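Structure first, commentary second.
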Amino acid sequence: CVCYGLGRFSCCPIARHQLAFLLLLLEEFGVRKKGGTLWGGEWGRTHLMATSLSLQVPPRWCWVFDPVFSAKEVEVLLELGLQLLPDNEEGKHSIEGSATLFYMVHCGKALYNNLLWRNWTPEALSKIIIIGNSFKGIEERWVQPPWVKVRSTGILKGTEEAALPAHPRYLDTFNDTSIHWFPLQRLKELPPDVWNFLEEPTTYEDCEIIRKDQSPAAAES
């Protein structure tokens, strides 16, 4: 499990709710063989496990990173049993063959672009689940979605997406959030040239991202 862009949860209620959901999600994966469900009963069972990936994710296997974390927030995350990524990957995290859940609620579009680029093969993408901004929503709102510059929009044809159900108490916390997964058979049916463009993304116009060389020092606690 990799969590990007959680934000300043010590001072932002939305970030705290997102952290709480992540912890509940990890607990759900840990107890799912005992019949646990998450947020919506059968909905959670059907869609979170729809990839058929065998994910057992204790907190110690969940890595988090946000360059805006304060020193105190880092202490809290470690106390919760989570791990801190040592460097700003700019979203370019390789799963290295392991099934991986990415938790990226309300992250900048460049992070999704970079993540797709780093794992741009059918075999790798088929082992990924992304909980984050709706890909369909990005496509609808942007004349040229950010991954067009590097990734073909054809990836959307290889994506399954299920929106998180709306909850009146958390409309600002999980709005426009979906679960995405990439069935291997659908990916293999995409045109071969979809996979040919491997140039690393380096330019991010109008995309929210803190670059590695721009990462701020941890905020004062």
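This one's a predicted model, so the numbers in the text were calculated from it and none came from an experiment.
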Exercise for the section: Check the pair F9 / V76 against side chain to side chain contact (heavy atoms under 4.5 Å, CB included), numbers first and verdict last. Expected result: CA-CA 10 Å; F9 57 87; V76 170; 4.0 Å; yes

Handout entry: salt bridge (charged side-chain N to carboxylate O under 4.0 Å, His left out) between E189 and K157, worked out
Key = CA-CA 9 Å; E189 292 171 356; K157 298 179 181 178; over 6 Å; no

Handout entry: Derivation of the side chain to side chain donor-acceptor pair (under 3.5 Å) call for H106 and D176
Key = CA-CA 8 Å; H106 294 171; D176 198 39; over 6 Å; no

Problem - Verdict with supporting geometry, V64 and L6, side chain to side chain contact (heavy atoms under 4.5 Å, CB included) - result: CA-CA 8 Å; V64 298; L6 189 59; 5.6 Å; no

Exercise for the section: Just do the side chain to side chain contact (heavy atoms under 4.5 Å, CB included) check on L19 and L77 with the steps written out, would you? Expected result: CA-CA 9 Å; L19 173 58; L77 293 169; 4.1 Å; yes

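Shown here for S70 and R8, the closest heavy-atom pair between the two residues is CB-NH2, 3.6 Å. Contact record, C11 with P13: O-CD, 3.8 Å, taken as the closest heavy-atom pair. Closest approach of E161 to S178, counting heavy atoms only: OE2-OG, 2.9 Å. Of all the heavy atoms in I95 and A124, the pair that sits closest is CD1-O, 3.3 Å. Closest of all the heavy-atom pairs between W61 and W63 is O-CD1, 3.7 Å.
Inter-residue side-chain proximity for P122 and W195 is flagged as met; some heavy-atom pair is nearer than 4.5 Å. Proximity of L187 to T159: side-chain heavy atoms (C-beta onward) are nowhere separated by under 4.5 Å. In this structure the side chain of M104 never reaches within 4.5 angstrom of the side chain of I131, judged on heavy atoms. Between L84 and F69 the shortest side-chain heavy-atom distance falls below 4.5 Å. Side-chain contact between L125 and W181 is absent, with no heavy-atom pair separated by less than 4.5 Å. I129 has its side chain out of reach of F182: every pair of non-hydrogen atoms, C-beta onward, lies at least 4.5 Å apart. Considering only heavy atoms from C-beta on, P183 comes within 4.5 Å of E160 through its side chain. Side chains of C62 and L22 form a contact here, defined as non-hydrogen atoms less than 4.5 Å apart.
Between the OG atom of S94 and the CH2 atom of W120 there is a distance of 15.0 Å, given to the nearest 0.5 Å. Taken from CG in L26 to OH in Y103, the straight-line distance is 9.5 Å, to the nearest 0.5 Å. Within the model, atoms CG of N175 and CG of L164 stand 10.5 Å from one another, a figure rounded to the nearest 0.5 Å. The CG atom of L25 lies 7.0 Å from the SG atom of C1; values are rounded to the nearest 0.5 Å. Between atom NE2 of residue H167 and atom NE2 of residue H17 there is a gap of 10.5 Å, rounded to the nearest 0.5 Å. One distance of note links OG of S10 with CD of E73; it measures 3.5 Å at 0.5 Å rounding.
Scored by the side chain to side chain donor-acceptor pair (under 3.5 Å) test, N119 finds no partners at all (sequence neighbours excluded). In this structure, the side chain to side chain donor-acceptor pair (under 3.5 Å) partners of Y4, at least two apart in sequence or on a different chain, are E89. With sequence neighbours excluded, the residues forming a ring-ring contact (aromatic ring centres under 6.0 Å, His included) with H93 are F102, listed by chain and number.
Look at K92 and E200 and you find a salt bridge, because one of the NZ, NE, NH1 or NH2 atoms lies within 4.0 Å of a carboxylate O, short of that distance.
There is no side-chain donor-acceptor pair under 3.5 Å between T173 and Q18.
Cluster membership check: I130 shares its hydrophobic cluster with V194, using side-chain heavy-atom separations under 4.5 Å among Ile, Leu, Val, Met, Phe, Trp and Tyr. Residue I155 is not grouped with residue L184 when hydrophobic side chains (ILVMFWY) are merged at heavy-atom distances under 4.5 angstrom, including chains of intermediate members. Grouping the Ile, Leu, Val, Met, Phe, Trp and Tyr side chains by contacts below 4.5 angstrom, directly or via other members, places L23 with Y170. Put simply, L24 and I14 are part of two different groups of oily side chains (I, L, V, M, F, W, Y) that touch within less than 4.5 Å, one to the next.
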